[in-house]
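Counting from 1, the numbers follow the sequence of the chain as shown.
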Amino acid sequence: MKMLTKLTITVVLIVYIISTFFVLFLNHLNTDNDFRPSDDNSLDATLTARQRYPSALRQPVIDPKDDPITIDGQMRHTFWFLQISDLHVSIHFDPKRAPDLEKFCEEYIDIIKPSVVLATGDLTDARTKSPMGSRVHEEEWIMYWNALNKTKVGSRTVWLDIKGNHDNFNVYDWSHRNNFFKKYSIRGPNNTRSYKHSVRHDTETYSFIGVDACLAPSPKRPFNFIGLLRDKDIEAYGPYLCGHYHTVGGLVQHMYSTQPTGYLEIEEADWKDLRTIRLAAVDHGLFTFIDFKFNEWPVILITNPKDSLYSMPNIEPSHRTANSTHVRALVFSKSRLSSVEFTIDGNKWVEMKHISGPLYVHEWQPKDFNSGLHWIEVTATDTDDNKRTVKHQFSLDGSKGDFDFGARLMLRIDNRALGYFLFGLAISICVIPLIALRMIPNNKSPWFVGYVLDDYIGVCFVWGMIIDGSYLPGGITYILGTLVILFSLNFYFAYGLMAYLLGFFNTWSYVVYIILWHQSVGLSAHSFPEPIRPKYRKTVEFDDRKETQSLTRPPIRK
């Protein structure tokens, strides 16, 4: 009964701790409280960086009663730019990355004419052919630089690049010989780490802040995967454009989420495999964006009404949509556009009017859509018969959907805290059952207890297994230990002999075991000092035995 009471208390305590954790965990992923109005009338809206990497756009939040700006049908108060991320220019993999980058610099800059282009980290691949190998290659940096230099992109737009963790493999500090970012990038020569760049457009100024979150010193992979960004560096951000996660192997296609302070964090899928490009705009103070693929035309960005999912009411003047007079969209294509139409909630398609540049507009009555969520669609066709349609939901009363669970999981959870938890959980899974089994008399600490046969529970020890009262000698456990040693050899090839011997596999201990075993099998009677020489029976003197007889196998006596 005493043992049962201890087990019951332990189980209840574990269930309580786990339940509390999951409640706090799910509450942290909830975005409903991210939209509380702020008391601060001056906030930074952030737009770029890496690991995850940001930049920023300054703009005051205006009281609706004193707001003189109306979203109308004119080409003003409209600023747009492009972003690419995770280029991974490589000498080992996918030789088309650099030529496609050159085409992007040539073609997309001429057609879209962005005021700024953000290249948010992992400009180069810096990997060896080995899965775990990492090395900064100057040839990759030269390929990146040639794509920019050949197209003279720096004289045709503002190119803001920043390094990522791959660009910083095995780099001790800024002056290190492997730091090629300072030599083969546009912003590197004049900026040791983070930097700010302001762009004047019409009557407004937009400030981009590139935040370098790379470790210093920065080790080889995989130990520099998580960057270092202080809370005060990001607490006032607005839209935070970043890269790094590569859609997590396709599991999270749209990695967007707001953060608890209300700013929007939007992870861009990579250039490396997916050739993703982002078009973003600030139209009358409202931030909008769309991600699309390389060589996809036309490109359409609906700027008013904006997607309600990406609303930041405590950072941007969201009230302007309800007071606007026109639906607005920026449309680009390689060929002349022959038609741009829109519809709301599946009603009649209406032709939009071209104002100037990429801007198409049409009058509307926002009061007809005061409550709930509504769908807006825009379709564009060019003279080469390229046709594309984009759509999103909008609302005027604050209604919104929710971000993908995977996106919230990746962006709202602190990586280090998650690592601490998973490590603690793994240790707990291994240790807690053993602690519970310690309460059972004569327990000898098994590895695990489980259904080793479909209908029978077995107890596995390092020296064997007990199933339904039958004892099976060990053997496979030692093979598993061998596999661990072989796996640890990867540390030797990736990080050298010291990492192999002193790593978390405790490889050094096997060397000691072998030495001790070799010495023990060669022991003889005279290997021990006289006072501690063992004797098998009191009636038999140890010295009467042959010196060559091993101590490890005493004679069998009846």
Side-chain angles (χ1 to χ4, degrees), residues 48-55 85-93 119-146 148 160-197 209-234 242-246 272 414-416 419 488-505 507-508:
T48 290
R50 178 77 197 169
Q51 224 186 331
R52 291 165 335 253
Y53 331 91
S55 331
S85 189
D86 297 273
L87 282 63
H88 288 262
V89 174
S90 174
I91 61 174
H92 295 301
F93 311 101
T120 53
D122 280 0
L123 309 176
T124 63
D125 198 44
R127 289 191 299 165
T128 65
K129 290 184 178 181
S130 170
M132 285 294 293
S134 57
R135 177 189 173 192
V136 176
H137 303 283
E138 187 173 10
E139 300 96 317
E140 294 178 348
W141 281 101
I142 293 174
M143 293 165 64
Y144 170 73
W145 175 250
N146 286 342
L148 306 186
L160 302 180
D161 49 15
I162 195 165
K163 67 179 184 290
N165 64 309
H166 278 250
D167 306 316
N168 220 41
F169 281 150
N170 198 30
V171 176
Y172 183 78
D173 58 17
W174 180 255
S175 60
H176 194 269
R177 64 182 182 278
N178 288 343
N179 182 20
F180 295 114
F181 178 72
K182 65 181 179 181
K183 183 178 180 181
Y184 296 109
S185 68
I186 291 184
R187 298 296 153 186
N190 300 318
N191 301 281
T192 56
R193 284 190 65 89
S194 302
Y195 63 87
K196 173 184 174 182
H197 187 90
I209 302 174
V211 179
D212 185 350
C214 292
L215 300 177
S218 180
K220 303 175 186 177
R221 67 185 314 207
F223 298 108
N224 76 342
F225 182 78
I226 301 176
L228 195 59
L229 205 58
R230 297 171 300 178
D231 290 340
K232 69 177 184 179
D233 290 333
I234 61 174
C242 53
H244 188 48
Y245 282 139
H246 299 260
K272 169 178 174 277
D414 181 87
N415 288 318
R416 287 184 174 82
S488 69
L489 285 174
N490 184 64
F491 269 64
Y492 171 76
F493 295 111
Y495 307 110
L497 182 61
M498 182 179 295
Y500 173 70
L501 293 177
L502 302 180
F504 55 81
F505 292 101
T507 316
W508 62 269

To the nearest 0.5 Å, what is the distance between [atom1] on [X] and [atom2] on [Y]?
{"X": "Ser185", "Y": "Trp141", "atom1": "OG", "atom2": "CH2", "answer": "6.0 Å"}
{"X": "Phe180", "Y": "Trp145", "atom1": "CZ", "atom2": "CH2", "answer": "15.0 Å"}
{"X": "Lys163", "Y": "Cys214", "atom1": "NZ", "atom2": "SG", "answer": "5.0 Å"}
{"X": "Thr124", "Y": "Phe181", "atom1": "OG1", "atom2": "CZ", "answer": "10.5 Å"}
{"X": "Ile162", "Y": "Cys242", "atom1": "CD1", "atom2": "SG", "answer": "12.0 Å"}
{"X": "His246", "Y": "Ser85", "atom1": "NE2", "atom2": "OG", "answer": "7.5 Å"}

Results of side-chain contact (heavy atoms from CB on, under 4.5 Å) for [X] - residues two or more places apart only:
{"X": "Asn170", "value": "Asn178, Lys220"}
{"X": "Asn191", "value": "Arg187, Tyr195"}
{"X": "Ser194", "value": "Val211, Asp212"}

Can you sort out the partners of [X] under salt bridge (Lys or Arg N to Asp or Glu O under 4.0 Å), two or more places apart, ordered by chain and number?
{"X": "Arg135", "answer": "none"}
{"X": "Asp161", "answer": "none"}
{"X": "Lys183", "answer": "Glu138"}

Review point. Would Ile142 and Glu139 count as a side-chain contact (heavy atoms from CB on, under 4.5 Å) if you check the C-alpha gap in whole Å, the side-chain angles of each, and the deciding distance to 0.1 Å?
Key: CA-CA 5 Å; Ile142 293 174; Glu139 300 96 317; 5.6 Å; no
Exercise for review: Sequence neighbours left out, what passes ring-ring contact (aromatic ring centres under 6.0 Å, His included) with His176? Give chain and number order.
Suggested key: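 With sequence neighbours excluded, His176 shows a ring-ring contact (aromatic ring centres under 6.0 Å, His included) to no residue whatsoever.
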Practice item. Apply ring-ring contact (aromatic ring centres under 6.0 Å, His included) to Tyr144 and list each qualifying residue two or more places apart in sequence or on a separate chain. Key: none
Review point. Taking only residues two or more places apart in sequence, or in another chain, which ones meet Asp173 in a side chain to side chain donor-acceptor pair (under 3.5 Å)?
Key: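 Testing Asp173 for side chain to side chain donor-acceptor pair (under 3.5 Å), a comparison that skips the adjacent residues, returns Ser175.
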Practice item. Could I get the full list of side chain to side chain donor-acceptor pair (under 3.5 Å) partners for Ser218, not counting sequence neighbours? Key: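 For Ser218 the side chain to side chain donor-acceptor pair (under 3.5 Å) partners, ignoring immediate neighbours, are Asn224.
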Review point. Is there a side-chain contact between Lys182 and Trp174 (heavy atoms, below 4.5 Å)?
Key: yes
Check your understanding: For the side chain of Asn168 and the backbone of Gly164, is there at least one donor-acceptor N/O pair under 3.5 Å apart?
Key ->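 Not at all, since once roles are kept as given, no pair shorter than 3.5 Å links the two residues.
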Practice item. Look only at the side chain of Asn165 and the backbone of Asp122, and say whether a donor-acceptor pair between them is shorter than 3.5 Å. Key: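 Such a contact is absent between Asn165 side chain and Asp122 backbone.
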Review point. Would one find more than 12 heavy atoms of other residues, nucleotides or ligands at under 6.0 Å from atom CZ of Phe93?
Key: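 More than 12 within 6.0 Å, yes.
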Practice item. Sort out for me which residue in Ile91, Leu87, Leu123 forms a side chain to side chain contact (heavy atoms under 4.5 Å, CB included) with Glu140. Key: Ile91
Practice item. Could you tell me whether the side chains of Asp86 and His244 share a donor-acceptor contact shorter than 3.5 Å? Key: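 No donor-acceptor contact under 3.5 Å links the two side chains.
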Review point. Do the rings of Tyr245 and Phe225 sit parallel, tilted or perpendicular, given the 30° and 60° boundaries?
Key: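 Geometry flag for Phe225 against Tyr245: tilted rings.
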**Study point:** Closest contact, heavy atoms only, Arg127 versus Lys272
**Key:**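 Here Arg127 and Lys272 meet closest at NH2-CE, 4.3 Å.
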